[in-house]
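Reminder, nothing fancy here: chain letters follow the sequence lines and each chain counts from 1.
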Number of protein chains: 2
Amino acid sequence: MVRYEHPPISAVSARDVFQALSDPIRLEIARRLARRGAQNCSELSDARPRSTMSHHFKVLRDAGVVRTLVQGTEHINSLRSEELESRFPGIVAMILDDDDERSEADAAAFAR
Amino acid sequence: MVRYEHPPISAVSARDVFQALSDPIRLEIARRLARRGAQNCSELSDARPRSTMSHHFKVLRDAGVVRTLVQGTEHINSLRSEELESRFPGIVAMILDDDDERSEADAAAFAR
DNA sequence: TACATTGTTCGACTAATTTCGAAATACAAC
DNA sequence: GTTGTATTTCGAAATTAGTCGAACAATGTA
């Protein structure tokens with residue numbers, strides 16, 4: 001496979017995006033791409049098996065969240081930030097929002 | 001159970017919201033609440049079993065998306081629109097975005 | 001050509017989620 | 001209290017999603 005298919009942004013549904021970003025690993029991938037820009041697959045796979053990561057990249061790609069370009073042997077992923085933002089204003093900020101510690105602390109307080 | 005617990009909006013994480021809205025039935029519930037305002041459970045359960053719907057309302061509630069108030073024998077659900085919107089600007093528009101026909105047509109065109 | 005690198009696909013397994021009937025709970029009205 | 005309505009909880013079955021090793025494909029380099 002020399003090149004990936006990516007859905008046009010107009011074909012991307014809110015549900016596809018919600019579903020793609022509902023997995024912690026995929027949300028983390030999107031977050032890193034939003035923060036640090038394009039990265040290849042291995043840079044993003046914290047010691048996780050390649051087949052697992054490959055699956056997650058596919059879900060993100062099919063949902064229209066990530067674009068993958070093939071350059072030599074590596075596959076460069078990037079967040080489709082501008083397109084996503086024009087289709088769903090505010091989504092990139094939601095992806096970046098990751099105050100896990102705060103929300104865990106609050107959640108703990110709430111649980112009491 | 002006389003009253004439900006709802007997480008404070010500050011404890012709501014993007015992932016919880018993504019995950020709650022990743023299910024088509026729950027997204028549809030949120031959408032109707034966004035469009036038509038508060039509704040009770042049965043108004044929202046298109047002939048689906050009550051136990052199924054009850055599960056979905058719980059997920060939406062726990063994720064901070066929906067608020068449920070008990071009034072007599074009925075439970076009135078509403079979208080926590082203002083709170084959600086202040087926490088995640090743009091989220092309500094994303095919930096409302098439901099151009100299913102357009103996106104399906106585009107998806108079909110894309111699949112060719 | 002052979003080899004190393006990067007990533008995908010396949011298939012099997014496991015884990016999580018969804019579904020739904022039956023029983024239970026909550027409340028209002030009689 | 002008994003009845004009726006609205007909804008939850010429980011438990012089990014069905015479905016869907018995630019994980020991961022092994023085999024495969026594509027590219028670059030010696």
Please tell me if A:S54 has a side-chain N or O lying less than 4.0 Å from either OP1 or OP2 of C:dT8. yes
From NE2 of A:H75 across to P of D:dT27 the rounded distance in Å is 9 Å
Please tell me which of the listed nucleotides, D:dC20, C:dG21, C:dT18, lies nearest to the side chain of A:S51? D:dC20
Would you check if A:M53 and A:I29 make a side-chain contact, meaning some heavy-atom pair closer than 4.5 Å? yes
Using atom CD1 of B:I76 as one end and atom P of C:dC27 as the other, report the distance to the nearest whole Å. 15 Å
Can you tell me how far P of C:dT17 sits from CD1 of B:I25, to the nearest Å? 16 Å
Between B:H55 and D:dC10, is there a contact of a side-chain N or O with OP1 or OP2 at under 4.0 Å? no
Taking 4.0 Å as the cut-off, does a side-chain nitrogen or oxygen of B:R3 come that near to OP1 or OP2 on C:dC27? no
For the side chain of B:T52, counting heavy atoms from C-beta on, which of C:dT17, C:dT9, C:dC20 is nearest? C:dC20
Hey, does the side chain of B:R26 come within less than 4.0 Å of C:dT19's phosphate (OP1/OP2), counting only N and O? no
Between atom CG in A:L60 and atom P in D:dA17, what is the gap in whole Å? 15 Å
B:I76-B:V59 co-clustered via ILVMFWY side chain contacts under 4.5 Å: no
B:R67 versus B:S78, side-chain donor and acceptor atoms under 3.5 Å: no
For D:dT7, take OP1 and OP2 only and decide whether either is under 4.0 Å from a side-chain N or O of B:Y4. no
For B:F57 together with B:H75, are the ring centres under 6.0 Å from each other? no
Within less than 4.0 Å of OP1 or OP2 of D:dG28, is there a side-chain N or O belonging to A:T73? no
Check the distance between D:dT16's P and A:D62's CG and give it to me in whole angstrom. 17 Å
Expressed in angstrom and rounded to an integer, what is the separation of A:R50 atom CZ from D:dA26 atom C1'? 14 Å
If hydrophobic clusters are built from ILVMFWY residues whose side chains come within less than 4.5 Å, do B:V17 and A:L96 share one? yes
Tell me: CG of B:L69 to C1' of D:dA6, nearest whole Å? 15 Å
What is the distance, to the nearest angstrom, from the CE atom on B:M53 to the P atom on C:dC20? 11 Å
